[in-house]
S.K.: 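Here it is: the structure, laid out below.
Note on naming: letters A, B, ... go to the chains in the order of the sequence lines (proteins, then strands), and numbering restarts at 1 for each one. Just so we're clear, the structure is a prediction, and the values are computed from it rather than from any experiment.
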Amino acid sequence: MLRLDTNKNKPDFSSTEIRDPLNRVHIDVSQQPKIRVRNLDFYYDENQTLKKINMDIYEKKVTAIIGPSGCGKSTFIRILNRMSDFAASSKVRGEISLERRDIFDPEFSPVELRKRVGMVFQKPNPFPKSIFENIAYGLRINGVKNSHEIEQRAVKSLKRAALYEEVKDRLKESALSLSGGQQQRLCIARCIAIEPEVILFDEPCASLDPISTAKIEELILELKKYYTIVIVTHNMQQALRVSDYTAFFLMGELIEFNETKKVFENPSDKRTEDYITGRFG
Amino acid sequence: MKMQAKSLRQYAAFLMVRAVFLFTSFILLLITGFLLLKGAKVLSFDFIFKMPENSMTAGGIFPAILGTFYLVVMSIIFSAIPGIACAIYLNEYGPKGWISTMIRTSINNLSGVPSIVFGLFGLAVFVKKLGFGVSILSGSLTLSIVILPVIISSTREALMAIPQSMREASMALGATKWETVWNIILPQATPSILTAIIIGIGRAAGETAPILFTAAVFYSKELPRSIFSEVMALPYHIYALVTEGTAPQSQIPIAYGASIVLLFLVIIISLSAIYIRQKHRSAYAKIGH
């Protein structure tokens, strides 16, 4: 991925208000955002898939990103931990800061960033290793050598991911023997074991049944106590149930970003209203 | 009516596939049977473990067996490590695009080059230029070039078959690219890589042309003492007995006997690789590491 340098000045992170394209102030916060996105553009080849995104993500809150397929919501969260680096011939322009630190700074390695900003994917993707090894691997590559500590942290994260009771007697069995919902919770456990600050969920329930989905949603509400969460979802009811803030993306633009309640009850943009009432998408 | 026609077609197709399968198995059995028929009478403990006697009209073929074994093992060592490294680079690190496509095409074309060309190359470079002489080293280096394309392209296919989601899962945990390749990608690709090595073993053991000028001799009085010794090798031994033998009556059965031994040598080496692969597979499927 190539980064275009638009301005030579250091990004200005002093302003605390967010303006939408019509220059209306959306959220006035005294709180410092965990992640701050300013004028973010993203290109695949010559196609601009994200246009001038400005958005703040708050600490220990759940931010939902909704929008129809192809609106750029997955592209957006994959930039937040620089997984987008692997997309060939893509370019990014604009600023993103994690606690005031520019994530594109050459001195801020993507490996370091991903330790702080974890990710759970659309399809559960446990490694074909044992349940225990799935978690231990992440700890080991992050420098935890002591096997006692690895065990402790694995158990703790399995408990926190509400999976421990179901798997405690078969930690040595293959992770692939678990059900889809359990696999996804294992992926969450694997992610939280390395104690990230932010967790990105990319449509985590897309391939799960309603019961597993309910469990994951419950879990997200619980995890909010410890982590900052960003969740991409197709399901508007899900956004309403789990999130504090909602961002509505359409064709690469951030149309509306506000407290979830306001977005759903009183959207300020006609397109948001059309989308959440099911007129398109 | 339509259903009937469909099931008839299905039946015909099944019959055809089965016929082809039986025919192929039959040919294979025919070859093995023919070899056994012609050569079984010379097979004995002494045939395998003794030196040739009486200008190779009697005695054993032990030096040729040992020579082929050395050549196979060393050519696998010389080709497997660079071959796997090359595939990892091409698939995981190298830039995608026309350069990568060109390299891949060249590698595939390389496997189509007649092996005698590699033999000449080995003679010019390893034997003459680098001064290794006619030796195990020159021969196994030449053989390793012959099997290198097989190992690179099969390994690369194995790496490509591993879903991108595995790489993403590892990288998202803060793993570096190398940690991902070493801990996640390679263990999953190992069975396929071993399959490529098994194919390479068969190729290296059977090739005559690459060792013709670089390693093999018709007769040597003693067993090879170092990698710089020239060796007898089974495929060349068979070739020489049949084409240059002075006493065909007694030498041709020896050639058949040597063919049987070569066949079983390849099977034994391959079986050990298959055993390792199975062990790895089941360990990986059950508990994994």
S.K.: Check the surroundings of atom CZ in B/Phe23: do more than 12 heavy atoms from other residues, nucleotides or ligands lie under 6.0 Å from it?
M.R.: no
S.K.: Given a strict heavy-atom distance threshold of 4.5 Å, which part of A/Arg78 is in contact with chain B: side chain, backbone, both, or neither?
M.R.: side chain
S.K.: Is the CZ atom of A/Phe108 crowded by more than 12 outside heavy atoms at less than 6.0 Å?
M.R.: yes
S.K.: Has A/Asn125 got a side-chain atom pairing as donor or acceptor with B/Ser165's backbone, closer than 3.5 angstrom?
M.R.: yes
S.K.: What's the shortest heavy-atom distance between A/Pro128 and B/Met166, and which atoms?
M.R.: CD-SD, 3.8 Å
S.K.: Tell me the residues of residues 200-207 of chain A whose non-hydrogen atoms fall below 4.5 Å from those of chain B, in number order.
M.R.: none
S.K.: For B/Ser25, give me all partners under side chain to side chain contact (heavy atoms under 4.5 Å, CB included), at least two apart in sequence or on another chain.
M.R.: B/Phe21
S.K.: Might you point out which heavy atoms bring A/Ile141 and B/Ala175 nearest each other, and give the distance in Å?
M.R.: CD1-CB, 3.3 Å
S.K.: Might you confirm whether atom CZ of A/Phe132 has over 12 heavy atoms from other residues, nucleotides or ligands at distances under 6.0 Å?
M.R.: yes
S.K.: Which residue pairs pass the salt bridge (charged side-chain N to carboxylate O under 4.0 Å, His left out) test with at least one member in residues 103-115 of chain B, sequence neighbours excluded?
M.R.: none
S.K.: Which region of A/Pro126, side chain (C-beta onward) or backbone (N, CA, C, O), has a non-hydrogen atom less than 4.5 Å from a non-hydrogen atom of chain B, or is it both or neither?
M.R.: backbone
S.K.: Apply side-chain contact (heavy atoms from CB on, under 4.5 Å) to A/Arg140 and B/Glu179, showing your working.
M.R.: CA-CA 10 Å; A/Arg140 277 193 211 111; B/Glu179 284 168 334; over 6 Å; no
S.K.: Check whether A/Arg190 gets within reach of chain B through its side chain, its backbone, both or neither, counting any heavy atom under 4.5 Å.
M.R.: both
S.K.: Would you name the heavy atoms of B/Met171 and A/Arg114 that are closest together and state the gap between them?
M.R.: O-CD, 3.1 Å
S.K.: Within a reach of under 6.0 Å around NZ of A/Lys156, are more than 12 heavy atoms found that belong to other residues, nucleotides or ligands?
M.R.: no
S.K.: If the condition is side chain to side chain contact (heavy atoms under 4.5 Å, CB included), which residues does B/Ile227 pass it with, not counting sequence neighbours?
M.R.: B/Met74, B/Leu137
S.K.: Roughly how far, to the nearest 0.5 Å, is CD of B/Glu168 from CZ of A/Phe121?
M.R.: 5.0 Å
S.K.: What's the spacing between B/Thr180 OG1 and A/Tyr137 OH if we round to 0.5 Å?
M.R.: 4.5 Å
S.K.: If you tally heavy-atom pairs under 4.5 Å against chain B, which of A/Lys115, A/Met119, A/Gln122 wins?
M.R.: A/Lys115
